[in-house]
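Okay, structure first, notes after.
It should be emphasised that the depicted structure is a prediction, and the values quoted were computed from it without experimental measurement.
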Amino acid sequence: MFARLRSDIQCVLDRDPAARSVWEVVTCYPGLHAVWLHRPAHWCWTHGLKWLGRFISHIARFFTGIEIHPGAKVGERVFFDHAMGVVVGETAEIGDGCTIYQGVTLGGTSLYKGTKRHPTLGKDVVVSAGAKVLGGFLVGDGAKIGSNAVVIKPVPAGATAVGIPARIILSKTGESADVTEQGQKFQAYGITQEDDPLSQAMRGLIDSTASQEHQIALLWCAIEKLSQSSRDGDCVPKDAAREECFEAEKLNQLVGK
């Protein structure tokens, strides 16, 4: 038991540069208090003391601002950072080493009792501020959920989910979609320097359109030269666009290139 408590404290010291001492972590971190209060609540819930489990959970919510249903399963070294307004549903499962920030909801989309309604987080998952993970699916090991993302489908291991509804940025290395220094495993708030897939698609369409317009202009210029040497006169239509007018650079700036 004491080894697990030391592990809980150490994970806070490892992931929060604002944590200056063990005493500060023990006395001033509501995320840690929420985890510690959840354990007796979960024990009561699994041993038939449903009301007592819910009551302990209610007390924890009052003092910490973090609502964890006593039926939820929380692994080791789980860190609720700031975490005011976090809601964790009854059938949710949080794997070892996960980090969850403020305003996160691990919620369900089904009203059927006795079914898996809430998500399962694998190991070392980061769920950023304001994210909503809704449904009884799996978020793979090492995955990251971007701030304010709304995730309604499974997230592969090592991937990053961003947007509403969330789009998946797959891992290039199999470890993380983040661009990080070697040996640096944890990234606060699950930030990624990878592009949003929608922005990538938009930029691809813009570049393709600009290239096609350039090729069409070249074709009209070639036809114009041929018509000048032809006996039949000018064969280029009057409405032919002989100069490029597609504002690719301006559109790329709008989508964030």
Side-chain angles (χ1 to χ4, degrees), residues 101 103-105 109 119 122 124-135 137-257:
Y101 290 89
V104 167
T105 298
T109 57
D124 302 317
V125 173
V126 177
V127 187
S128 301
K132 315 301 177 188
V133 187
L134 308 175
F137 51 80
L138 174 65
V139 178
D141 295 348
K144 293 175 175 59
I145 311 299
S147 295
N148 295 317
V150 178
V151 184
I152 56 176
K153 60 183 179 180
V155 180
T160 299
V162 295
I164 304 174
R167 297 176 292 276
I168 306 300
I169 303 174
L170 295 177
S171 170
K172 292 182 178 179
T173 64
E175 295 179 358
S176 171
D178 287 345
V179 179
T180 61
E181 298 178 0
Q182 292 183 354
Q184 186 177 1
K185 297 181 179 180
F186 178 72
Q187 282 289 302
Y189 288 96
I191 58 173
T192 178
Q193 296 179 19
E194 295 287 337
D195 289 326
D196 185 335
L198 183 59
S199 296
Q200 290 180 350
M202 290 295 295
R203 285 198 292 269
L205 290 173
I206 292 170
D207 293 340
S208 177
T209 303
S211 176
Q212 289 178 13
E213 186 184 46
H214 178 65
Q215 294 299 321
I216 291 171
L218 291 176
L219 286 172
W220 284 128
C221 290
I223 292 173
E224 184 178 15
K225 290 180 180 179
L226 289 173
S227 66
Q228 290 175 357
S229 60
S230 174
R231 296 179 180 178
D232 298 332
D234 192 0
C235 62
V236 180
K238 293 181 180 180
D239 58 347
R242 305 186 189 190
E243 296 182 0
E244 299 177 44
C245 60
F246 186 72
E247 298 178 339
E249 183 177 355
K250 181 179 179 180
L251 292 174
N252 276 320
Q253 290 177 351
L254 290 175
V255 298
K257 186 172 182 179

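At a threshold of 4.5 Å between non-hydrogen side-chain atoms, the residues I164 and K132 do not count as touching. Between V139 and V133, some side-chain heavy-atom pair lies under the 4.5 Å cut-off.
Pairing each heavy atom of A143 with each of V155, the nearest pair is CB-CG1, 3.8 Å. V126 and Y101 make their closest contact through CG1-CE1, 3.9 Å (heavy atoms, listed as atom of the first residue, atom of the second, distance). Contact between P156 and I168 at its shortest, heavy atoms only, is CD-CG2, 3.9 Å. Counting all heavy atoms, side chain and backbone alike, A149 lies closest to I145 at CB-CG2, 4.0 Å. Nearest approach of A161 to A166, heavy atoms of both residues: CB-CB, 3.9 Å.
Environment of CD1 in I152: sparse, with no more than 12 heavy atoms of neighbouring residues, nucleotides or ligands closer than 6.0 Å.
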